[in-house]
Every structure is written in C-alpha cells, then in structure tokens.
Amino acid sequence: MKYYLTTPIYYVNAAPHIGHAYTTIVADLIKRFKTMQGYRAVLTTGSDEHGVNVERAAARAGKAPAEFVAVIAREFEQQWRTLGLGIDRFMRTSDPRHHRKVAELFEACRRNGYVYKGEYRGQYCIHDNLYVSEAKPGDPCPECGRPTETVTEENYFFRLSAFEDRLLELYERQPDFILPETRRNEVISFVRQGLSDLSITRTNIKWGIPVPGEERHVFYVWFDALTTYVSAVDGEDLWPADLHLIGKEIVRFHAVYWPAFLMAAGWPLPKRIFAHGWLLFQEDKMSKSKGNIVRATPIQQVMGIDALRYFLLREIVFGQDGNFSYDALVGRYNADLANGLGNLTSRTLSMIQQYRGGRIPAPAGGVRPEIAQAAENTIRAAIAHFENFEFSRALEAIWSLLSSIDRFIVEEAPWKLARSSEPGAAERLDSALYTAAEALRVAAILLWPVIPASAERIWDQLGMEGPLEQVRLGELAWGQLPAGQAVKTPGALFPRIEPPQAIERMRELEAQETARQAALFAPKPSTAAAPATERISIEEFARIDMRVGEVRFAERVKGSDKLLHLKVDIGEPQPRTIVAGIAEAYAPESLIGRKVVIVANLQPRKLRGIESNGMIVAATPEGGKPVLVGFLEDVPAGARLS
Ligand code: MSP
C-alpha cells in the first residue's frame with residue numbers, strides 16, 4: 001500500500017525560513033505516521049525555478065538565472081537534509097525529465113481540445129504569477145495587493161471555463177478533496193462565480209520551459225510547477241498523490257487549476273489537498289519580502305530540531321494561522337519537554353536503575369485499570385487525531401496521559417515504597433515502575449512522527465529492540481513492554497534552557513545565517529562604474545536594494561572625526577550596523593529614531609575595525625556637509641524604495 005504526499009515546490013528567489021520548514025516538517029510527520037500505519041510512504045518536494053520573479057531576483061544578484069536558482073535550490077535541499085526530514089525526491093523544475101512531463105500534459109490537453117491560441121491583454125501580478133482577468137490597468141492584485149502590470153501577448157489558453165460543473169461535482173462527490181472545510185467553501189464559491197479561460201503560456205519572458213514547436217512561448221509557471229507532482233515520481237506507480245500539503249494562499253491553483261488540467265488531459269486526480277494556515281512573526285505572515293523571517297537552523301543548533309517540531313505542532317492549530325515567538329518556543333520547551341516528558345523519562349529510568357538493578361520489573365501488583373484504560377484511550381484518540389490532521393489535539397492527548405502518570409508516581413511515591421517493609425510494598429513498587437515505563441514506551445511510539453530523534457532516544461533508553469519506524473500502530477496496545485528488559489542510563493533528553501541566553505544565542509546565529517546567505521546572493525561588483533550621465537536599465541536599477549531605515553543607535557567612531565557607528569532597523573530581525581561619514585554634520589543623539597534611506601545590498605566593508613553592512617543615502621552639496629535623505633510622510637522601516 002503506497003501513500004504519496006507532496007509539499008509545494010518552493011520558489012527559489014529567497015532562502016528557506018521556518019514558514020517553508022513548517023509545511024515540510026508536517027509532511028515529514030505525516031509520512032512517518034503513514035509509515036507506522038504500514039504504508040510505503042513517499043514524500044516529494046522541490047524547487048520552483050521559473051518565472052519573472054526569479055528572473056528579477058537573479059538580475060538583482062547579478063547572476064544568470066540558471067546559476068542563481070542552482071545556488072538556492074541547493075540551499076533548500078541542504079536545509080531539509082540538515083533538519084532530518086525524510087524527503088524521497090527533490091524535483092527541480094529545471095530538470096529535463098520534468099520539462100518532458102510538462103510538454104506531455106500540454107499535448108494531452110491540446111489533443112483533447114482544451115487548449116487554443118489567443119491574445120492576452122490584461123493585468124498580471126508578477127509577485128503571485130497570476131493573470132488577473134477582472135482587473136483594470138492600475139488595479140491591485142487580489143492576492144497580494146501589489147499593483148498589477150499590463151501585458152499584451154499571444155498566448156495559449158486553457159479552457160478552464162469548461163470545467164466549472166465537473167469541478168463542482170468533484171467537490172460534491174469527494175467532500176474531503178479540499179480540507180479544511182473553510183477552504184473548501186471558499187473554493188466552491190470561487191468556482192460558482194464562474195471561471196474564465198486561463199493563459200498557460202507566455203511570450204514576454206524567456207526564463208521558463210519552452211513550449212514544444214513554439215519556441216517563443218514558455219509555460220506559465222503554475223502549469224509548469226504543478227506538474228512536478230507527477231514528474232517527481234515518473235515511472236514509479238505512485239501517481240495519483242494521496243495528499244498535497246499546501247499553504248492557504250495557493251489553494252486556488254491546487255484545487256481549481258490543477259484538477260482541471262488533469263481532467264483535461266485524462267490523467268488521474270490527487271485524492272486530497274490540505275491547506276494549512278500561516279506562520280506569523282511580529283503579527284504578519286512570515287515572508288522574505290516582508291523581512292520578518294526566522295530560520296530553522298539556529299533553533300536547531302540551540303534547542304534541537306525536535307523542540308521546533310514540537311512547538312509548531314503543539315502551539316498552532318493545524319489549518320489556522322499561528323504566531324511564532326522565541327519566548328513561546330522556549331516556554332513550551334521548558335514546560336512540556338524539559339519538565340514534562342524529559343523529567344518523567346529520567347525519573348522513571350533512574351528509579352528502575354536504583355530500585356530494580358536496571359531491569360524493568362514485571363507488574364507483580366497488576367496495573368491500575370484506570371491507567372491502562374486511559375492509555376488505551378490515548379492510543380485511539382492520538383491515532384484518530386493524527387489521521388484527521390489534528391496534531392495539536394493528538395499532542396494534548398499524549399501529554400494528558402503523561403501528566404496522569406506524573407500524578408500517579410507522586411501518589412505511589414516509589415521512593416517510600418522502596419524503603420517500606422509493609423506487605424505488598426515491593427509488588428506495588430514493581431507495578432508503579434512498570435506502569436511508568438510502559439507509558440513511556442507508548443508515548444515514544446505515538447510521538448515518533450512528531451519528535452523522532454527524542455522518541456528514538458526514549459525507545460533506546462527503555463532497552464527496546466528494533467527501529468521505531470517498524471512498529472505498527474495497528475498493533476499498539478497497553479501492556480506489551482517486556483518485563484526483565486535492561487534499561488540504559490538516562491542521558492538528559494531535553495536539558496533545561498535559560499530563556500534570555502538561549503534567545504540571545506539564537507538571534508546571534510540568525511544574524512550569522514543572514515550574513516552567510518547575503519554573501520551567497522550578493523550582487524557581483526559591476527565591472528565599470530557608470531558615469532553619472534550614462535543611462536541604465538530598470539533591471540540594473542532594481543539591483544539596488546534601497547530601504548527605509550530607522551536609526552536605533554548612534555555613536556562616534558573612536559579616533560575619527562568623520563565617522564558615526566549606527567545601528568539601523570531596516571525591517572530585518574536584527575538592526576544593521578552601518579558606518580557613515582556624517583559625524584561632522586550630525587550629532588549622534590540627534591539621529592536616534594530618525595527615518596533614513598539605506599542601500600542594503602552593498603558588500604560589507606570594514607571601517608576602523610567595524611564592519612559596515614550598508615550605506616546611508618545623503619546629498620552632499622559642493623563644498624558642504626552631507627544632508628540625509630528623509631520623508632515628508634511617515635513610512636515604516638523596511639519599506640523598499642523603487
Ligand atoms: N512555488 C509556489 C508553489 C508551487 S506548488 C506547485 C509557491 N512557493 S513559495 O515558496 O511561496 O512557498 C509556498 C509555501 O511555503 C506555502 O504554500 C506554504 O506551504 C509555505 N510557506 C511559506 N511561508 C509561510 C508562512 N509564513 N507560513 C506558513 N507556510 C508558509 O507558492
């Protein structure tokens with residue numbers, strides 16, 4: 001029995017952050033859960049490498065698109081490996097096998113009469129790669145609010161309008177085709193409003209998959225990207241996918257366009273689409289373009305990847321938006337993992353070492369029926385919740401079992417039983433220790449999909465044999481822990497973390513990672529400086545990343561009359577350090593809180609031992625002092641100048 005699931009393929013115009021990791025971690029969780037249910041689970045992801053956005057990002061970095069995307073695709077691939085996620089195939093849209101599949105899909109749609117040539121004149125959003133048929137020039141994109149651009153071109157069109165009834169019928173016949181319910185309702189009302197035909201090729205860009213026999217045309221990025229779900233497993237008997245896991249902003253592409261393309265081609269449809277909510281940071285969707293991102297590896301380095309996995313799955317109701325904050329992350333870790341699961345594990349194993357020579361005793365006094373019952377209920381509830389994508393509820397159920405075991409241990413007080421000479425005390429001690437160890441075994445199995453490395457350590461410390469992934473949930477029941485088995489010395493599973501230090505360290509590592517990636521994508525220095533009168537193209541101008549900054553800190557650079565050392569908030573997690581030659585014109589204290597313009601993508605430069613990571617923009621009149629550029633209206637730090 002196979003279970004094929006996918007994540008979206010990520011745009012490679014910026015490096016991965018925990019928003020991308022969120023989807024991929026959940027996909028890894030589901031894959032593990034399905035494996036434990038006995039499926040041959042296969043998970044694919046990849047990189048979405050075409051389109052104007054990527055082309056422009058490459059131009060900004062002064063690189064050829066192919067070279068640029070290769071660097072970021074590698075970052076993504078490496079990221080999933082570093083985080084230990086079970087990716088089976090990583091499909092790049094630049095892969096020739098994928099190109100062939102896209103052409104095949106197009107041909108099949110054309111053969112069946114769903115493709116025709118026409119002229120597209122209208123609005124297009126380059127950010128979302130979306131043709132906005134209802135928009136007029138100057139209208140904003142309905143998805144992101146950015147201004148749309150007017151384009152006129154010869155295109156191939158897909159007869160989306162022919163699929164209204166068939167799509168509605170599909171949603172009706174398979175009510176769980178789109179989950180959760182709210183997304184399903186949105187899609188149904190979108191389709192009910194009527195569907196216009198869709199332009200699926202473009203002639204005004206080059207960076208895409210060429211349409212066979214029509215070399216001026218390249219495929220529309222979504223026609224291209226969605227097809228990776230098929231090309232990633234070509235020839236493997238895995239299609240149709242059992243699950244497409246996506247973020248809520250791309251539901252329309254997956255639940256409307258994609259099934260329509262497949263119906264037109266006569267190819268099988270995926271079985272289910274689950275659209276989850278957004279990870280918010282500082283009250284906004286985490287995204288590179290907003291500059292409010294957090295990366296996974298600094299968290300992994302300080303707290304371990306399981307801490308992040310647990311936090312994301314426990315804190316956020318899957319399907320809804322949820323906040324990320326370092327305080328909440330560390331708080332959950334200390335409360336639930338260090339004091340909760342970690343503490344219960346080390347107490348139990350130490351007591352088995354101390355009182356029973358390191359061997360799990362048989363429950364001579366029996367197991368309290370209410371505990372066995374609670375454990376059976378937890379097993380059933382957790383499995384059902386996992387099955388229904390209710391991960392936070394599954395974890396609540398497991399933690400409620402762990403708390404009842406904690407309470408049970410306090411009641412039984414094994415440390416007293418061990419010293420007691422009363423009749424039956426030894427049997428009660430045996431039963432108490434067995435009960436706690438058995439609860440840990442059950443928890444380790446149920447938690448493997450969520451916190452695999454920690455679950456494996458508990459498994460190992462309990463002396464269990466064989467890999468956890470070979471355990472089958474269908475056979476899981478209370479009371480299967482073999483008595484007499486030797487446990488291992490507990491090593492700290494989740495050492496307690498001091499919040500301020502840990503957060504500080506994660507922020508430092510985050511800044512290092514930002515700098516490393518900035519260097520990776522840094523524009524090549526141009527070979528010749530342009531004389532002031534020479535005209536440059538808009539693309540060349542677009543390479544300069546100018547942003548509004550707010551000065552947070554300013555002091556004179558020791559030993560220099562001209563230089564100020566500034567820290568400027570430009571909408572990134574950390575303020576930028578900038579050394580500016582404006583000390584003769586501005587007193588440091590007069591600058592605090594002032595809005596300025598920063599060139600953010602200059603190569604770093606060391607001035608008097610301080611690394612300057614940007615330049616403050618000022619006008620210097622002949623023979624005069626520099627005057628900073630400012631704004632008449634208020635504008636938030638991080639806003640880009642264009
Ligand atoms: N390339 C398209 C998808 C094509 S699929 C055939 C795309 N790429 S993306 O890089 O923008 O990534 C989108 C996915 O990343 C989202 O659907 C979501 O799964 C994940 N996320 C990116 N930022 C996120 C948050 N802030 N919060 C949650 N998930 C986020 O769209």
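Counting convention: from 1, in listed order, for ligands and their atoms alike. Below, each value reflects all heavy atoms present in this structure, side chains not excepted, and no hydrogens, waters or symmetry copies. Note that this is a predicted model, so its numbers are computed, not measured.
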Problem - Phe253 contact mode with ligand 1 (heavy-atom cut-off under 4.0 Å) - result: neither

Handout entry: 4.0 Å heavy-atom contact, His276 with ligand 1
Key = yes

Exercise for the section: Could you tell me whether some N/O pair between Tyr22 and ligand 1 is separated by less than 3.5 angstrom? Expected result: no

Completion exercise
Min over Asp284, Asp224, Leu279 of heavy-atom distance to atom 28 (C) of ligand 1 lands on Leu279

Practice task
Please determine, by modelled atom types, if Asp48 and Tyr10 share a side-chain donor-acceptor pair under 3.5 angstrom.
Solution key: no

Problem - ligand 1 to Ala225 polar contact by distance, N or O atoms, under 3.5 Å - result: no

Problem - Any donor-acceptor N or O pair under 3.5 Å, side chains Glu249, Trp278 - result: yes

Problem - Partner of Phe311 under ring pair (Phe, Tyr, Trp, His ring centres under 6.0 Å), chosen from Phe324, Tyr326, Tyr333, Tyr22 - result: Phe324

Handout entry: Electrostatic pair Arg309-Asp28, nearest N-O below 4.0 angstrom
Key = yes

Exercise for the section: Answer yes or no for Phe281: is there a heavy-atom contact with ligand 1 below 4.0 Å? Expected result: no

Completion exercise
Ranked by distance from atom 11 (O) of ligand 1, the top protein heavy atom is Tyr11 CD1, 3.4 Å

Exercise for the section: Please determine, by modelled atom types, if His50 and Tyr11 share a side-chain donor-acceptor pair under 3.5 angstrom. Expected result: no

Exercise for the section: List the closest protein heavy-atom neighbour of atom 30 (C) of ligand 1: residue, atom name, distance to the nearest 0.1 Å. Expected result: Gly19 O, 3.4 Å

Practice task
Could you say whether the N/O atoms of Gly277 and ligand 1 ever approach to under 3.5 Å?
Solution key: no

Practice task
For the residue pair Gln174 and Arg272, confirm or rule out a side-chain donor-acceptor distance under 3.5 Å.
Solution key: no

Handout entry: Any N/O pair Leu226/ligand 1 closer than 3.5 Å
Key = no

Handout entry: Nearest heavy atoms of Thr45 and Ile9, plus distance in Å
Key = C-CG2, 4.0 Å

Fill in the blank from the handout: Among His20, Lys248, Glu249, closest by heavy atom to atom 13 (C) of ligand 1 is Glu249

Practice task
Please state whether Trp258 comes within less than 4.0 angstrom of ligand 1, counting heavy atoms only.
Solution key: no

Exercise for the section: Specify the closest pair of heavy atoms between Asp224 and His98, including all atoms of both residues, with the distance to one decimal. Expected result: OD1-NE2, 2.8 Å

Handout entry: Enumerated ligand 1 atoms positioned under 4.0 Å from heavy atoms of His17
Key = 23 (N)

Problem - N or O contact, Thr228 vs ligand 1, cut-off under 3.5 Å - result: no

Exercise for the section: Report, in ascending order of atom number, the atoms of ligand 1 lying under 4.0 Å from any heavy atom of Lys285. Expected result: 23 (N), 24 (C), 25 (C), 26 (N)

Problem - Cationic N near anionic O, under 4.0 Å, Asp321 to Lys248 - result: yes

Problem - Any N/O pair Tyr229/ligand 1 closer than 3.5 Å - result: no

Problem - Short side-chain donor-acceptor distance under 3.5 Å, Gln37 and Glu387 - result: yes

Handout entry: Donor on one side chain, acceptor on other, Arg202 and Tyr124, under 3.5 Å
Key = yes

Problem - Donor on one side chain, acceptor on other, Arg40 and Thr35, under 3.5 Å - result: no

Fill in the blank from the handout: If we number the atoms of ligand 1 from 1 as shown, the ones under 4.0 Å from a heavy atom of Asp48 are 1 (N), 2 (C), 4 (C)

Exercise for the section: Decide whether an N or O pair under 3.5 Å exists between Pro8 and ligand 1. Expected result: no

Practice task
Say whether Thr23, considering both its backbone and side-chain N or O atoms, lies within less than 3.5 Å of an N or O atom on ligand 1.
Solution key: yes

Practice task
With atom 12 (O) of ligand 1 as the reference point, say which of Trp278, Tyr257, Phe324, Tyr10 has the nearest heavy atom.
Solution key: Tyr10

Problem - Lys/Arg-Asp/Glu bridge criterion (N-O < 4.0 Å) met for Asp234, Arg97 - result: no

Fill in the blank from the handout: In this structure, atom 26 (N) of ligand 1 is nearest to the protein heavy atom Met286 O, 2.9 Å

Fill in the blank from the handout: For atom 3 (C) of ligand 1, the closest protein heavy atom turns out to be Ile9 O, 3.3 Å

